[in-house]
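Chain letters run A, B, ... following the sequence lines, proteins first and then strands; every chain starts at 1.
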Protein chains: 2
Amino acid sequence: MAIAHPARREVLRLLREDGPRPVVQLAEHFDMSRPSLSEHLKLLKDAGLVSERKVGRQRLYSLEPDRLQEFSDWLAPYERFWQTRLTGLAELLEAEDDD
Amino acid sequence: MAIAHPARREVLRLLREDGPRPVVQLAEHFDMSRPSLSEHLKLLKDAGLVSERKVGRQRLYSLEPDRLQEFSDWLAPYERFWQTRLTGLAELLEAEDDD
DNA sequence: TTGACTGGTAGGAAATCTCCTACCTATGGT
DNA sequence: ACCATAGGTAGGAGATTTCCTACCAGTCAA
């Protein structure tokens, strides 16, 4: 699973906070070797969570939000078990008829 | 990671949809042996995603939503990358001053 | 008490994951 | 052309996960 490894979650966080970044810059944040990070990036890319584009001799990795949306969608059915601020709002506005 | 394995996600789904269930009833949905499922349940319990209570000779497993909330919280910062109906609503109502 | 049922634990085999070093290609600068 | 930089791939070692078959303890019913 793509988001299972802490390093990959950290990559996602970095891309989210700092925007698109080349591999060496991402690698600065990790103790592991660059090839190992490359494999994590490949896994994230295969999972569709990030995309990659060439700029000169660099490859910029960017967050690809569509797949993260799937995690959100997966979590959505659990939301009725707790009261999030957002679902509270949604029910308030849309006045759904479920109890 | 607790939600990494498909079987464990399936357990969560079953508990969410059908409510608390004993082990044998959960096991019906899987090809694996019951002891293997027991280990998955232990992992889920250790992660705080489910709880277990004894009823007669059975142990009923229930969804424990607090920890799933953490996943939701983890996902929240990514929401500005896409437009969910809910964040759209939230911004509409709260009229936050960002951008 | 004896037997059936529920479900956890032990030990270990096999599969998967993670990480490394070595090596490769591609681009840009001089 | 030559060298440095960016970054992917290969092969393999070690750790972790997953799954199995025993086996054990607790509960209920006769």
Side-chain angles (χ1 to χ4, degrees), chain A residues 1-64 67-68 70-71 74-75, chain B residues 1-64 67-68 70-71 74-75:
Chain A
M1 191 193 206
I3 65 166
H5 198 283
R8 292 195 290 273
R9 292 200 292 275
E10 178 70 3
V11 165
L12 293 177
R13 192 189 64 79
L14 288 167
L15 294 180
R16 170 170 57 78
E17 295 190 348
D18 305 339
R21 283 290 176 278
V23 179
V24 278
Q25 224 170 108
L26 292 172
E28 291 170 5
H29 296 266
F30 298 94
D31 278 338
M32 75 181 65
S33 72
R34 188 200 40 73
S36 291
L37 179 59
S38 256
E39 289 183 8
H40 284 299
L41 290 172
K42 175 184 169 63
L43 214 154
L44 284 170
K45 197 172 66 174
D46 289 350
L49 291 169
V50 305
S51 59
E52 172 248 306
R53 69 174 192 282
K54 290 188 61 169
V55 176
R57 74 179 80 177
Q58 302 183 327
R59 283 94 186 282
L60 293 188
Y61 281 84
S62 313
L63 205 57
E64 199 65 31
R67 196 54 58 90
L68 276 159
E70 291 181 12
F71 287 101
W74 180 83
L75 278 167
Chain B
M1 188 189 209
I3 65 167
H5 198 282
R8 292 196 291 271
R9 292 201 292 275
E10 178 69 4
V11 165
L12 293 176
R13 191 189 65 79
L14 289 168
L15 294 180
R16 171 170 57 78
E17 294 190 349
D18 305 338
R21 283 290 177 276
V23 180
V24 278
Q25 223 171 108
L26 292 173
E28 292 170 5
H29 297 265
F30 298 94
D31 278 339
M32 75 181 65
S33 73
R34 189 199 42 71
S36 291
L37 179 58
S38 257
E39 290 183 7
H40 284 299
L41 290 172
K42 176 185 170 63
L43 214 154
L44 285 170
K45 196 171 65 174
D46 288 350
L49 291 169
V50 306
S51 60
E52 172 248 308
R53 69 174 192 280
K54 290 189 61 170
V55 176
R57 74 179 81 175
Q58 302 183 327
R59 286 100 186 278
L60 293 189
Y61 280 84
S62 312
L63 206 56
E64 199 64 31
R67 196 53 57 89
L68 276 160
E70 292 182 12
F71 289 101
W74 179 82
L75 277 166

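Counting to the nearest Å, the P atom of dT18(C) and the CZ atom of R34(A) are 18 Å from each other. Atom CG of L41(B) and atom P of dC19(D) are 12 Å apart (whole Å). At whole-Å resolution of the value, CG in L44(A) and P in dC17(C) are 14 Å apart. Residue Q58(A) contributes atom CD, which lies 14 Å from atom C1' of dA4(D) at whole-angstrom precision. The separation between L60(B) atom CG and dG7(C) atom P is 8 Å, rounded to whole Å. dG7(D) atom C1' lies 10 Å from atom NZ of K54(A), rounded to whole Å. Per the geometry, CG belonging to L37(B) stands 10 Å off P belonging to dG7(C), to the nearest Å. Here the C1' atom of nucleotide dT9(C) and the CG atom of D46(B) are 13 Å apart, to the nearest Å.
In terms of phosphate contacts, H5(B) brings a side-chain nitrogen or oxygen within less than 4.0 Å of OP1 or OP2 of dC19(D). Phosphate proximity of dG8(D) to K42(A): absent, as no side-chain N or O sits under 4.0 Å from OP1 or OP2. Residue R8(A) places at least one side-chain N or O under 4.0 Å from the OP1 or OP2 atom of dT18(C). Between Y61(B) and dG8(C), a side-chain N or O to OP1/OP2 separation shorter than 4.0 Å is present. Listed pair S36(A) / dT18(C) fails the phosphate criterion, with no side-chain N or O lying under 4.0 Å from OP1 or OP2. Close to dG8(D), at under 4.0 Å from its OP1 or OP2, lies a side-chain N or O of S38(A).
When atom types are taken as modelled, the side chain of R8(B) and the backbone of A2(B) share a donor-acceptor pair closer than 3.5 angstrom. A distance-only check finds no donor-acceptor pair linking the side chain of R53(B) to the backbone of Y61(B) [under 3.5 Å].
Relative to the side chain of L43(B), the nucleotides dA22(C), dT18(D), dG7(D) differ in distance, and dT18(D) lies closest. Each of dG7(C), dT9(D), dA6(D) was ranked by its minimum atom distance to the side chain of P35(A); first place goes to dT9(D). Nearest nucleotide to the E39(A) side chain, out of dT18(D), dA10(D), dG7(D): dA10(D).
Under the 4.5 Å side-chain criterion, counting only non-hydrogen atoms from C-beta, E52(A) is not in contact with L41(A).
Both H40(A) and G56(A) sit near DNA chain C, but only H40(A) has its closest nucleotide nearer the 5' end. Nearest-nucleotide mapping onto DNA chain C: of P22(B) and V55(A), the residue sitting toward the 5' end is P22(B).
Counting atom types as modelled, R57(A) pairs no side-chain N or O with a base atom of dG29(C) as donor and acceptor under 3.5 Å. Taking only distance into account, the side chain of R59(B) never meets the base of dG26(D) through a donor-acceptor pair shorter than 3.5 Å.
No salt bridge links E39(A) with K42(A); every basic N to acidic carboxylate O contact stays at or beyond 4.0 Å. Residues E70(A) and R67(A) are paired through a salt bridge, judged by an N-O separation under 4.0 Å between the basic side chain and the carboxylate.
The environment of CG in D46(A) is crowded: more than 12 heavy-atom neighbours from other residues, nucleotides or ligands sit within 6.0 Å.
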